[in-house]
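One structure is given below, encoded as structure tokens.
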Amino acid sequence: MKTIILYFALVLGLAATALAQTKKTVKKSAATTKKAPATATTTRKAPAAKRSSTAVTKPQPASAQVRNNHRPVQSEPEASYKTALGVKFLWGIALTGKHFFSQKHGAEAIVRYHGYAGVGNDINLTLLYEYHRKFGQPAGLSWYLGGGAQAGNFTYKGIYNNPAAGNDSQMYYGVSGVAGLEYKFRSLPLAVSADWQPVFLLQDYSDRTGFAAENGGLGLKYTF
């Protein structure tokens with residue numbers, strides 16, 4: 001009988017111990033569950049922090065960055081003057097005028113006189129378009145290429161002047177090219193040049209076509 005009572009007492013003690021252990025576990029789980037909303041609240045606030053961070057690091061538009069970080073760079077114009085008047089000599093003597101319509105594009109008009117001893121006198125007008133580009137060094141030095149037209153009149157004299165034979169004077173015209181160099185002085189309103197202006201004559205003073213190389217020369221111009 002005592003053995004049975006001791007057995008039941010041992011079983012009841014083990015059951016009570018297990019029950020107490022179970023209650024502690026339930027209480028800890030309940031406490032953990034109650035604290036969970038605070039974590040959830042922290043989690044809900046996270047997007048606000050992200051939005052604030054995004055607002056701070058929001059990139060500026062490309063146009064705004066260009067305005068803030070870069071100043072416009074003004075390129076040096078190719079032409080260092082607008083208009084020039086001067087003289088040119090080598091094959092005769094010529095009056096010349098040049099005008100730039102833009103930084104690299106200009107036009108030149110040349111009136112030339114050339115006398116041939118014992119033969120006659122030649123006077124012509126050449127109109128040229130010229131494309132200019134500067135060299136790097138020295139400053140003020142540029143090259144130019146272009147083309148245009150030429151027309152003139154050759155007047156015979158001496159034994160070659162025979163109006164009866166139609167040799168008193170002859171008109172001629174052709175297509176002209178130009179290649180040259182020009183230097184503009186930085187401290188003076190002067191420019192010097194050297195060029196060659198070959199011409200293909202569609203009609204010369206002998207009523208023929210042909211190539212004429214004796215055009216161009218050395219020039220000195222006053223610049224405006």
Side-chain angles (χ1 to χ4, degrees), residues 61-116 121-154 171-205 210-224:
S63 58
Q65 292 179 355
V66 171
R67 289 194 298 269
N68 294 336
N69 300 330
H70 299 283
R71 294 180 178 179
V73 178
Q74 296 181 352
S75 59
E76 181 184 356
E78 296 292 332
S80 53
Y81 62 89
K82 189 71 174 177
T83 304
L85 298 174
V87 295
K88 186 175 291 188
F89 53 90
L90 183 60
W91 290 295
I93 183 72
L95 298 178
T96 178
K98 181 182 289 190
H99 179 77
F100 283 93
F101 299 103
S102 64
Q103 294 179 353
K104 302 176 183 178
H105 307 280
E108 185 174 9
I110 305 163
V111 178
R112 189 194 68 165
Y113 171 82
H114 191 183
Y116 295 87
N121 301 315
D122 179 26
I123 185 169
N124 62 47
L125 170 66
T126 304
L127 300 176
L128 297 169
Y129 158 78
E130 296 175 354
Y131 176 78
H132 284 247
R133 288 299 301 268
K134 283 189 177 296
F135 286 105
Q137 293 293 334
L141 180 64
S142 61
W143 58 265
Y144 56 93
L145 296 172
Q150 183 185 92
N153 184 77
F154 192 93
M171 290 286 297
Y172 62 91
Y173 54 88
V175 179
S176 179
V178 62
L181 298 174
E182 183 175 82
Y183 179 75
K184 168 65 174 66
F185 292 95
R186 179 175 295 182
S187 58
L188 296 173
L190 296 175
V192 293
S193 63
D195 59 24
W196 181 47
Q197 299 168 12
V199 180
F200 182 79
L201 293 170
L202 302 176
Q203 176 182 309
D204 69 2
Y205 31 77
F211 179 77
E214 296 180 355
N215 290 277
L218 304 176
L220 175 66
K221 294 186 287 294
Y222 183 86
T223 63
F224 302 89

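Just so you know, these numbers use all the heavy atoms, side chains as well, and skip hydrogens, waters and symmetry mates. Since the structure is predicted, the reported quantities are computational estimates derived from the model, not experimental observations.
With sequence neighbours excluded, the residues satisfying side chain to side chain donor-acceptor pair (under 3.5 Å) with Tyr113 are Asn121. Listed by chain and number, the residues in a side chain to side chain donor-acceptor pair (under 3.5 Å) with Thr96 are Glu108 (sequence neighbours excluded).
Atom-to-atom distance recorded for Asn124:CG and Thr126:OG1 is 4.5 Å, nearest 0.5 angstrom. Here Lys104 contributes atom NZ and Tyr131 contributes atom OH; the two are 4.5 Å apart, rounded to the nearest 0.5 Å. Put simply, NE2 on His114 and CG on Leu90 are 9.0 Å apart, with the number rounded to the nearest 0.5 Å. Leu145 contributes atom CG, which lies 9.5 Å from atom NE2 of His132 (distance to the nearest 0.5 angstrom).
Shortest non-hydrogen contact noted between Tyr144 and Ser193 is OH-CB, 3.9 Å. Among all heavy-atom pairs drawn from Glu214 and Tyr116, the shortest one is OE1-OH, 3.9 Å. For the pair Ala94 and Ile110, the tightest heavy-atom approach, listed with the atom from each and the gap, is CB-CG2, 3.7 Å. Looking at every heavy atom in both residues, Trp196 comes nearest to Asn215 through CD1-O, 3.4 Å. Shortest non-hydrogen contact noted between Leu201 and Tyr172 is CD2-CD1, 3.7 Å.
Residues Phe185 and Thr223 have side chains not in contact (no heavy-atom distance under 4.5 Å, counting atoms from C-beta outward). Looking at heavy atoms from C-beta onward, Arg112 lies out of side-chain contact with Gln197 at the 4.5 angstrom threshold. In this structure the side chain of Phe224 reaches within 4.5 angstrom of the side chain of Leu85, judged on heavy atoms. Residues Val87 and Leu95 have side chains in contact (heavy-atom distance under 4.5 Å, counting atoms from C-beta outward).
In this structure, the ring of Phe100 has its center no less than 6.0 angstrom from the ring center of His105.
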Scan the side chains in residues 175-184 for donor-acceptor partners under 3.5 Å anywhere in the protein, sequence neighbours excluded, and list what turns up.
unit_1	atom_1	unit_2	atom_2	d
Glu182	OE1	Tyr81	OH	2.8
Glu182	OE2	Tyr81	OH	3.1
Glu182	OE2	Lys98	NZ	3.2
Glu182	OE2	Lys221	NZ	3.0
Lys184	NZ	Leu188	O	2.9

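Side-chain N or O atoms of Asp195 include one that pairs as donor or acceptor with a backbone N or O of Gly217 at under 3.5 Å.
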